[in-house]
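Below is one structure, written out as structure tokens, with a few remarks after it.
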Protein chains: 2
Amino acid sequence: MRTEGQTSDIRCGKVTIPVEVALRLNSFFSSSMSCQPLSPQNFRDLFDSVEAFLFDCDGVIWKGDGLIDGVAETLDMLRSKGKKLVFVTNNSWKSRAQYALKFRSLGISVSQDEIFSSSFAAAMYLKLNNFPSHNKVYVIGGEGILEELQLAGFTAFGGPEDANKALDPKQNCFVEHDKSVGAVVVGIDLYINYYKLQYGTLCIRENPGCLFIATNRDAVGHMLSSQEWPGAGCMVAAICGSTQKEPVVVGKPSTFLMEFLLKKFNVTCSKMCMVGDRLDTDILFGQNAGCKTLLVFSGCTTQSALQDPSNKIQPDYYTSKISDMLDLSGA
Amino acid sequence: MRTEGQTSDIRCGKVTIPVEVALRLNSFFSSSMSCQPLSPQNFRDLFDSVEAFLFDCDGVIWKGDGLIDGVAETLDMLRSKGKKLVFVTNNSWKSRAQYALKFRSLGISVSQDEIFSSSFAAAMYLKLNNFPSHNKVYVIGGEGILEELQLAGFTAFGGPEDANKALDPKQNCFVEHDKSVGAVVVGIDLYINYYKLQYGTLCIRENPGCLFIATNRDAVGHMLSSQEWPGAGCMVAAICGSTQKEPVVVGKPSTFLMEFLLKKFNVTCSKMCMVGDRLDTDILFGQNAGCKTLLVFSGCTTQSALQDPSNKIQPDYYTSKISDMLDLSGA
């Protein structure tokens with residue numbers, strides 16, 4: 001069920017490569033070249049060629065409720081050398097402001113502008129695609145999506161305010177939907193219900209040209225540390241099932257983030273390095289976009305899993321944890 | 001998103017044909033042979049060769065809240081000539097007993113045994129596949145599914161009783177699921193919520209060998225006459241999204257009904273006639289199973305739509321409404 005959700009072709013500098021070709025080239029090069037441990041020499045090459053470091057958070061910056069050793073100093077060093085930092089999260093439940101608070105509670109200072117949550121991605125997708133401001137956005141998801149849409153100047157409704165709306169089948173209910181809704185954004189929704197599913201479906205099915213935007217399609221959400229819960233992929237699939245349409249995906253593994261960084265900061269994908277702890281999501285995502293990739297072992301992948309013959313995904317570099325960059329930089 | 005959900009190969013008498021071959025043969029013959037209007041001669045041929053008539057309900061038996069002209073007398077005639085009648089509905093919200101009441105309210109007498117609802121199909125699928133009675137069934141769906149499962153001797157829970165269960169993300173909730181659940185049945189659920197999605201997902205993901213059964217995958221449900229609402233396809237897709245697994249489908253267009261009729265009444269598919277008002281669901285469903293097919297114009301398909309060059313689905317016969325059979329029989 002997980003789809004790639006590529007939003008556009010890959011642009012690297014002045015060259016535009018069709019997505020299919022880029023994927024094949026990446027796959028060819030990544031399978032034919034083995035990855036290297038980060039060393040003083042190749043760290044220098046990486047550091048000099050990269051303008052932006054994109055970090056997955058869980059397993060890279062923090063683990064559970066604790067910060068990983070040396071993270072704060074490493075981020076300070078990268079910033080002091082003029083590198084742009086982007087913290088990427090597929091969790092759309094919170095806004096960037098709420099994420100900044102989480103970083104602060106862990107003792108590191110990260111500005112809102114350095115956070116790329118899938119809630120923010122949804123708002124930026126509409127912005128970059130000139131979504132008319134007189135059109136409204138219906139949200140199936142959390143407060144974070146509404147907040148980001150409103151910050152970007154859009155009129156959004158739904159989400160938490162529809163949490164208690166129910167349908168009584170004994171009454172012949174009729175849901176009147178707003179004809180000015182031009183986009184439905186679907187993310188993880190802990191209060192999903194039949195009313196929201198109906199409302200979103202009506203907008204997508206009946207409002208001409210209405211966009212269907214998925215923050216992401218992760219099967220599993222890490223909302224609570226107690227256990228895994230259904231992720232946005234569950235709610236997105238539900239709307240696919242009722243509308244028979246496929247969404248535009250703006251979070252990982254879609255490369256909309258790279259498109260955004262190119263348009264907003266003029267950073268090309270070849271000058272980005274994706275840092276993550278998962279091969280099949282973070283590293284593949286970075287490779288698909290044409291970024292450099294760095295795997296860290298501070299999360300869920302071990303060195304032996306990386307080097308197992310069954311693993312076909314090879315990052316450019318690997319290292320134990322991101323603070324190794326601090327040691328290698330000599331700072 | 002709609003999948004065929006074929007549960008097994010096609011058995012016609014003593015011959016078993018692989019599904020893919022049957023579908024191709026059907027498609028070849030149906031596109032190369034044009035269908036015929038029901039006439040005294042071919043009605044006689046059809047009548048003599050068929051042991052069971054399978055009726056779609058909406059647009060064939062009733063339309064909205066009214067019975068279609070001549071239905072009662074036609075059904076009486078067919079029964080009096082020893083034909084088996086089966087009323088097929090994908091709506092799993094009700095049990096067969098509740099459907100029998102609906103027939104009665106419209107002035108026709110239909111026994112529970114003549115109704116094949118997708119709620120009943122789910123129970124019969126477990127029965128025919130020797131589902132151990134010490135295993136439990138978790139239900140995402142309506143009372144109808146629970147009732148049919150209990151009638152068939154299974155222990156089922158979930159459905160309406162979980163309608164008001166909510167998750168408080170501020171508390172670190174943990175859902176403890178029953179390890180003896182061996183099947184999750186998903187149908188249309190007007191009270192779908194995050195708790196049910198989590199419970200069903202946990203059973204499918206964590207209980208070894210747990211079955212994932214979909215009553216059907218219709219995008220749209222006709223629960224209320226006021227407007228179309230998301231169908232079972234919406235809830236089924238949600239569970240596909242969170243489990244990354246595909247279900248066994250027991251309602252239309254799966255041909256489990258034919259498998260059931262063969263096992264229970266020893267009627268082979270070549271001796272069944274599917275009667276419906278929709279080409280892409282009813283008629284295709286009948287053809288895929290190797291049944292005779294009869295299209296009626298009392299529902300949503302017109303004669304010009306049937307004969308339009310863009311239409312590739314050709315039933316064996318077509319007629320205005322099922323009571324034409326009464327006239328042609330000379331009864």
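In what follows, every chain begins at residue 1, and chains take the letters A, B, ... in the order their sequences are listed.
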Quiz item: Can Gln198(B) and Glu228(A) be counted as having a side-chain donor-acceptor contact under 3.5 angstrom?
Solution: no
Quiz prompt | pair Asn193(A)-Asn193(B): side-chain heavy atoms closer than 4.5 Å | solution = no
Practice problem: Could you look at Val236(A) and say if it's the side chain, the backbone, both or neither that has a heavy atom under 4.5 Å from chain B? | Solution: neither
Quiz prompt | Rounded distance (nearest 0.5 Å) linking atom CG of Leu197(B) with atom CD1 of Ile192(A) | solution = 8.0 Å
Exercise. Apply side chain to side chain contact (heavy atoms under 4.5 Å, CB included) to the pair Tyr191(B) and Tyr194(A), showing each step before the final yes or no.
Key: CA-CA 6 Å; Tyr191(B) 304 105; Tyr194(A) 199 53; over 6 Å; no
Practice problem: Evaluate the side-chain proximity of Trp229(B) to Val175(A): yes if any heavy-atom separation is below 4.5 Å, no if none is. | Solution: yes
Self-check item: Heavy-atom pair count under 4.5 Å with chain A, highest-scoring of Ala238(B), Gly231(B), Ala163(B)
Solution: Ala238(B)
Quiz item: So does Asp308(B) have more than 12 non-hydrogen atoms from other groups sitting under 6.0 Å from CG?
Solution: yes
Self-check item: Pairing residues for Phe87(B) by the ring-ring contact (aromatic ring centres under 6.0 Å, His included) criterion, not counting sequence neighbours
Solution: Phe55(B), Phe103(B)
Practice problem: Of all the heavy-atom pairs spanning Gly241(A) and Ala237(B), show the shortest one and how long it is. | Solution: CA-CB, 4.0 Å
Quiz item: Does Gln244(A) use its side chain to pair, donor to acceptor, with the backbone of Ala219(B) at less than 3.5 Å?
Solution: no
Quiz prompt | Pairs touching residues 192-204 of chain B that satisfy salt bridge (charged side-chain N to carboxylate O under 4.0 Å, His left out), sequence neighbours left out | solution = Asp189(B)-Lys196(B)
